[in-house]
Amino acid sequence: MISFIENLNFSWSILPALLNGTIVTLELTFFSLLLGFAIGLPLGIGQVYGNKFISKVISFYERVVRSIPLLVILMLVFYGLPSVGLNLPAFLAAVIGIGVRSSAYQSQIFRGAIQSIKSGQLLAARSVGMTRFQAIRDITIPQALRRSIPPWTNEFTIVLKDTPLAYALGVVELLREGRYIIYSTFKPMVVFITAALIYFVLTRAGNSLLDYVNERLKIPGYETGRGMR
Amino acid sequence: MGGINLSFFSFAWDILPSLLDGLRVTLVLTAVGIVIGTILGTFLALGKIYGNKPLSWFCRSYIEIFRGTPLLVQLFILYYGLPAWGLRLSPQMAAIIGLGLNSGAYSAEYLRGAIQSIGTGQMTAARSMGLTKSKSIFYVILPQAFRLVIPSWSNELIYLLKYTSLAYIINAPELMGHAKIIGAETFRYFEVFAVVAIIYLIVVVCLTGILDYLEKLMKIPGFETH
């Protein structure tokens with residue numbers, strides 16, 4: 001019992017240092033998701049509305065990126081690119097790696113959401129005089145984006161839980177901050193469990209937040225369900 | 001240009017045996033991980049759905065915790081954390097246990113979805129024919145659920161294969177580990193990891209093909225699984 005309280009006290013004392021790492025973890029998550037969105041949305045749109053060639057190329061990109069483990073992508077970006085003359089700082093390399101990987105998954109999410117919007121919407125928009133581009137931009141996409149929130153919540157969780165892979169590149173995020181604390185305290189179990197707890201809280205908090213957003217932005221009468229992994 | 005290509009291919013050919021050595025470890029990690037995960041996941045799913053309150057709560061918590069925290073942190077707890085409690089695991093052992101425990105949580109959720117998609121009428125019918133609850137689960141519900149879960153299970157297997165690469169971070173000598181060593185010796189990181197990426201790509205494509213075939217073979221006629 002006493003040792004449990006000791007551990008609790010210790011856990012509390014390392015919290016400020018771990019929270020420093022947590023901020024980096026959140027930054028990694030945010031920028032990776034943003035990059036994934038910036039690449040994934042156009043890809044998703046291109047796959048639905050592009051010509052055959054474009055959608056073939058995009059689906060090839062998706063398949064390749066999704067088949068390679070994230071760690072390999074990170075290694076290619078961080079250790080591989082310098083040999084072709086491109087040196088990136090570890091944080092940026094991690095964001096690019098995680099972001100590119102996420103873009104393949106996000107483009108699938110957006111493609112699915114766009115395809116789930118009935119084609120009558122596009123026809124109706126065209127018939128009131130909108131151009132095809134306007135109809136896609138102002139009618140289809142806004143609805144599709146709202147529909148993609150539940151699967152996107154899932155993607156957020158995956159990206160958040162994959163940010164510790166940046167550890168392998170030396171980014172001082174939550175997990176590496178934990179390793180540093182262990183070097184001076186020799187209490188790996190307490191430190192890693194505390195770190196796990198922080199990740200758990202972040203996952204839950206992020207999910208609740210996005211569920212709330214989904215609830216607020218829900219299209220009345222449309223049912224959406226969340227996937228699993 | 002031709003020179004560069006030639007040098008890449010001969011380099012790739014030279015490092016292939018060592019990488020395939022690593023691939024073998026990767027495949028073993030994947031295979032053992034999925035077996036542990038599937039068995040564990042089955043018990044967790046059954047416990048969550050059919051268990052009494054404490055058991056169901058335990059299974060639910062297990063699933064939530066393992067799905068809510070990063071795999072790498074779980075591996076670190078097993079590999080760097082457990083020695084503090086006097087239990088020292090080899091990197092491979094830690095990786096296998098970690099991947100299995102983690103995959104169990106995901107498998108459980110997939111199987112739970114499959115079990116719950118089977119109409120409750122099946123259970124009622126089985127019970128009304130005189131089967132006990134556990135026999136109904138074993139002979140009626142589970143055989144159907146296993147067939148329904150194949151598509152998600154295939155996904156899980158592919159995920160697991162890709163995530164075995166994390167074992168490299170705790171020093172397990174799998175594909176990535178071998179690649180990193182070759183990279184450090186030759187300083188040709190880009191080429192080494194490109195070859196590694198291609199190897200993973202080939203394995204994933206082959207595995208996906210096999211699993212798709214298996215899925216078709218095991219489909220319950222009249223049930224839509226996608």
Side-chain angles (χ1 to χ4, degrees), chain A residues 25 63-86 101 157-168 173-176 178-179 182 186-204 206-207 225 227-229, chain B residues 26 64-85 105-106 109-110 112-113 152 155-156 158-159 161-169 175-176 179-180 183-184 187-205 207-208:
Chain A
T25 287
R63 271 209 91 163
V64 170
V65 173
R66 293 177 33 174
S67 298
I68 302 171
L70 176 57
L71 195 57
V72 179
I73 299 177
L74 289 174
M75 292 294 174
L76 273 172
V77 174
F78 187 63
Y79 291 104
L81 288 185
S83 61
V84 290
L86 195 58
R101 215 269 308 238
T157 313
I158 293 170
V159 167
L160 172 66
K161 286 188 296 175
D162 277 343
T163 56
L165 270 66
Y167 168 95
E173 40 67 71
L174 179 46
L175 197 59
R176 185 163 288 273
R179 281 307 290 279
I182 292 164
F186 306 107
K187 285 189 168 170
M189 207 55 162
V190 190
V191 173
F192 286 137
I193 288 181
T194 311
L197 217 62
I198 294 176
Y199 279 112
F200 189 71
V201 170
L202 292 181
T203 329
R204 283 330 257 306
N207 272 281
M228 279 199 288
R229 185 160 191 171
Chain B
T26 292
E64 292 284 312
I65 290 169
F66 275 84
R67 280 169 31 113
T69 54
L71 172 61
L72 191 58
V73 177
Q74 293 160 16
L75 291 178
F76 273 28
I77 288 177
L78 290 171
Y79 185 66
Y80 294 113
L82 281 184
W85 288 358
Y106 287 94
E109 277 304 275
Y110 295 134
R112 186 189 58 87
S152 345
N155 269 340
E156 176 58 24
I158 305 280
Y159 262 101
L161 171 72
K162 289 186 285 175
Y163 274 97
T164 54
S165 56
L166 269 62
Y168 145 76
I169 304 180
L175 185 46
M176 282 296 294
K180 196 68 198 296
F187 288 106
R188 298 171 78 167
Y189 283 105
F190 194 78
E191 288 146 280
V192 177
F193 288 119
V195 177
V196 169
I198 293 169
I199 293 178
Y200 274 112
L201 196 65
I202 292 171
V203 175
V204 168
V205 169
L207 204 55
T208 311

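Reminder, nothing fancy here: chain letters follow the sequence lines and each chain counts from 1.
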Which donor-acceptor pairs under 3.5 Å do the side chains of residues 68-82 of chain A make with protein atoms, sequence neighbours left out?
none

Less than 3.5 Å apart, which donor and acceptor atoms pair up between the side chains of residues 196-204 of chain A and the rest of the protein, not counting sequence neighbours?
from: A/Tyr199; atom 1: OH; to: A/Glu173; atom 2: OE1; distance (Å): 3.4
from: A/Thr203; atom 1: OG1; to: A/Tyr199; atom 2: O; distance (Å): 2.5
from: A/Thr203; atom 1: OG1; to: B/Gly68; atom 2: O; distance (Å): 2.8
from: A/Arg204; atom 1: NH1; to: B/Glu64; atom 2: OE1; distance (Å): 3.4
from: A/Arg204; atom 1: NH2; to: B/Glu64; atom 2: OE1; distance (Å): 3.1

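Looking at B/Ile198, neither its backbone nor its side chain comes within 4.5 Å of chain A, counting heavy atoms on both sides. Interface residue A/Tyr167: only side-chain heavy atoms are found under 4.5 Å from chain B. Only the side chain of B/Ile169 has a heavy atom closer than 4.5 Å to any heavy atom of chain A.
Of the listed residues B/Val203, B/Thr164, B/Ile77, the one with more heavy-atom pairs under 4.5 angstrom with chain A than any other is B/Ile77. Top candidate by heavy-atom pairs under 4.5 Å with chain A, chosen from B/Leu175, B/Ile65, B/Val204, B/Ile158, is B/Val204. Between chain B and the residues A/Leu160, A/Val84, A/Leu175, the largest count of heavy-atom pairs under 4.5 Å involves A/Leu175. Of the residues considered (B/Leu166, B/Asn155, B/Val196, B/Thr208), B/Leu166 shows the highest number of contacts with chain A, using heavy-atom pairs under 4.5 Å.
Closest approach of B/Phe66 to B/Ala105, counting heavy atoms only: CB-CB, 3.6 Å.
Ring geometry, B/Tyr189 versus B/Phe193: the interplanar angle falls under 30°, so the pair is classed parallel (tilted spans 30 to 60°).
By the 6.0 Å contact criterion, CZ on A/Arg66 is enclosed, its count of non-hydrogen atoms from other residues, nucleotides or ligands being greater than 12.
For the pair A/Lys161 and B/Thr69, the minimum side-chain heavy-atom distance is 4.5 Å or more.
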